[in-house]
Every structure is written in C-alpha cells, then in structure tokens.
Amino acid sequence: MRCRSITARSLALHSGMAVLGGLAYMGIELLWRGRTHWTMGVLGGVCFVLIGLLDEVQEHPPLPLQMLQGAAIVTGLELLVGLVVNRWLGWGVWDYSDMPCNLWGQVCPQFSAAWFGLSFVAVKVENLLHWLLKGGKSCENSEK
C-alpha cells in the first residue's frame, strides 16, 4: 500500500533530498575526477529524487528494474544537460569523446553502467531517508 503522497511536506522533503543527492554526486565527482561544476549538483539532485520516486510511483518494483530505470534516467538527463551546457553553451563540464561508443561526447555505455550501480545506492539511501523520517516505521505501520 502506498504511504507517500504529494503534500507540502513531501515537496520539502524531496527538495532536501535533491540537495543531499546533488552534494553527494558533486562529492563523488571530486573524488573521481578532482573537479566538479554546479550543474552536476543540480543534475545529481534531480536524478536522485527521480530514482527515489520510481519506488513510489510503481508500487515497489524489483530493485534490478529500478536500477535499470535509474541508469536510463541518468543517461537521458545527462545527454540532455550535456547537449545544453557542453555543446550549446560551450561550458565544457564533461567530454566523453575519448570513450568508445559515445554519443556526441555526452554519454557512453561505460558511464551508463556506472549509473546502474549508483542507482542501487540511490534507491537504498532514499528509502532509508524516508524510513528514518518516519521514525523507523514502514509505510504500512505509519498509517495505522
């Protein structure tokens, strides 16, 4: 049974989660490449929230399906944002041109595989945050 709904509280909660997800992604980028950009914080936050919402809007699909959907969400948004910030605005935030099978230097299968793995972490962390904010109660118990 679904226990999450769209309310002012849930919007505030997901906005906070977007900030946490964005900061976490920027931290991962700093560790991986030694630099990041504010657009990666925005993109990471949006992706974190959307991956978390998969569990809510689909009535708890299997984790591997959420991971596959998460990788598709991140890859699609990365392509869209990359075309805007890298190709159109020329900011040069990232460039995968040297990666095999890349698309316009903005996405590649290697990073899509990484997003698959990071989607596992995003699903688990997002669920944990919801659980903690409900005082350790599951959705079913919180409605009783």
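Checked against a 6.0 Å centroid threshold, the rings of Phe48 and Tyr25 do not count as neighbours.
Distance check, rounded to the nearest 0.5 Å: CH2 of Trp104 to CG of Leu79 gives 6.0 Å. Atoms CD1 and CG, on Ile73 and Leu68 in that order, are 10.0 Å from each other to the nearest 0.5 Å. Note that CG of Leu65 is 14.0 Å distant from NE2 of His60, once rounded to the nearest 0.5 Å. A distance of 12.0 Å separates NE2 in His37 from CG in Leu43, rounded to the nearest 0.5 Å. Rounding to the nearest 0.5 angstrom, the gap separating the CD1 atom in Ile28 from the OG1 atom in Thr36 is 10.0 Å.
Crowding of Trp91 atom CH2: a count of heavy atoms from other residues, nucleotides or ligands under 6.0 Å exceeding 12. Residue Phe116 places its CZ atom among more than 12 non-hydrogen atoms of other residues, nucleotides or ligands, all under 6.0 Å distant.
Using a 3.5 Å distance cut-off with no hydrogens or angles, the side chains of Gln58 and Gln69 do pair a donor with an acceptor.
Classified by interplanar angle (parallel below 30°, tilted 30° to 60°, perpendicular above 60°), the ring pair His130/His14 is tilted.
Here the options are Val93, Val85, Leu30, the test is side-chain contact (heavy atoms from CB on, under 4.5 Å), and the partner is Met40; only Val93 passes.
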Go through Leu103 and Cys108 one step at a time and tell me if the side-chain contact (heavy atoms from CB on, under 4.5 Å) criterion holds.
-> CA-CA 6 Å; Leu103 184 58; Cys108 64; over 6 Å; no

Could you walk me through whether Leu50 and Leu54 pass the side-chain contact (heavy atoms from CB on, under 4.5 Å) check?
-> CA-CA 6 Å; Leu50 290 176; Leu54 290 171; over 6 Å; no

Run the side-chain contact (heavy atoms from CB on, under 4.5 Å) check on Leu63 and Phe120 step by step: do they pass?
-> CA-CA 7 Å; Leu63 182 58; Phe120 172 85; 3.3 Å; yes

Going through the checks in order, is the side-chain contact (heavy atoms from CB on, under 4.5 Å) test met by Val81 and Trp94?
-> CA-CA 11 Å; Val81 171; Trp94 73 88; 4.1 Å; yes

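Connection of Val19 to Leu132 is not established within any shared hydrophobic cluster, with ILVMFWY side chains joined at heavy-atom distances below 4.5 Å, either directly or through further cluster members. Cluster annotation: Met26 and Trp115 are assigned to distinct hydrophobic clusters (Ile/Leu/Val/Met/Phe/Trp/Tyr, side-chain heavy-atom contacts under 4.5 Å, transitive). Leu23 and Trp32 fall into different hydrophobic clusters, defined by Ile, Leu, Val, Met, Phe, Trp and Tyr side-chain heavy atoms under 4.5 Å apart, directly or through other members. The hydrophobic clustering, which links ILVMFWY residues whose side-chain heavy atoms are closer than 4.5 Å, places Trp88 and Trp38 together.
Met99 is listed as a side-chain neighbour of Phe111, based on a closest heavy-atom distance under 4.5 Å. Residues Leu13 and Leu129 have side chains not in contact (no heavy-atom distance under 4.5 Å, counting atoms from C-beta outward). Using a 4.5 Å cut-off on side-chain heavy atoms (C-beta onward), Asn127 and Val123 make contact.
Side chain of Arg87 to backbone of Gln106: no donor-acceptor contact under 3.5 angstrom is found. For the pair Asn102 (side chain) and Ser97 (backbone), a donor-acceptor distance under 3.5 Å is present. Not a single donor-acceptor pair under 3.5 Å links the side chain of Glu126 to the backbone N or O of Leu53.
Here the closest non-hydrogen pair linking Thr75 and Ser112 is OG1-OG, 2.8 Å. Heavy-atom minimum distance, Ser119 versus Ala71: OG-N, 3.4 Å. Shortest non-hydrogen contact noted between Ile51 and Val74 is CD1-CG2, 3.9 Å. Counting all heavy atoms, side chain and backbone alike, Cys101 lies closest to Pro109 at O-CD, 3.4 Å.
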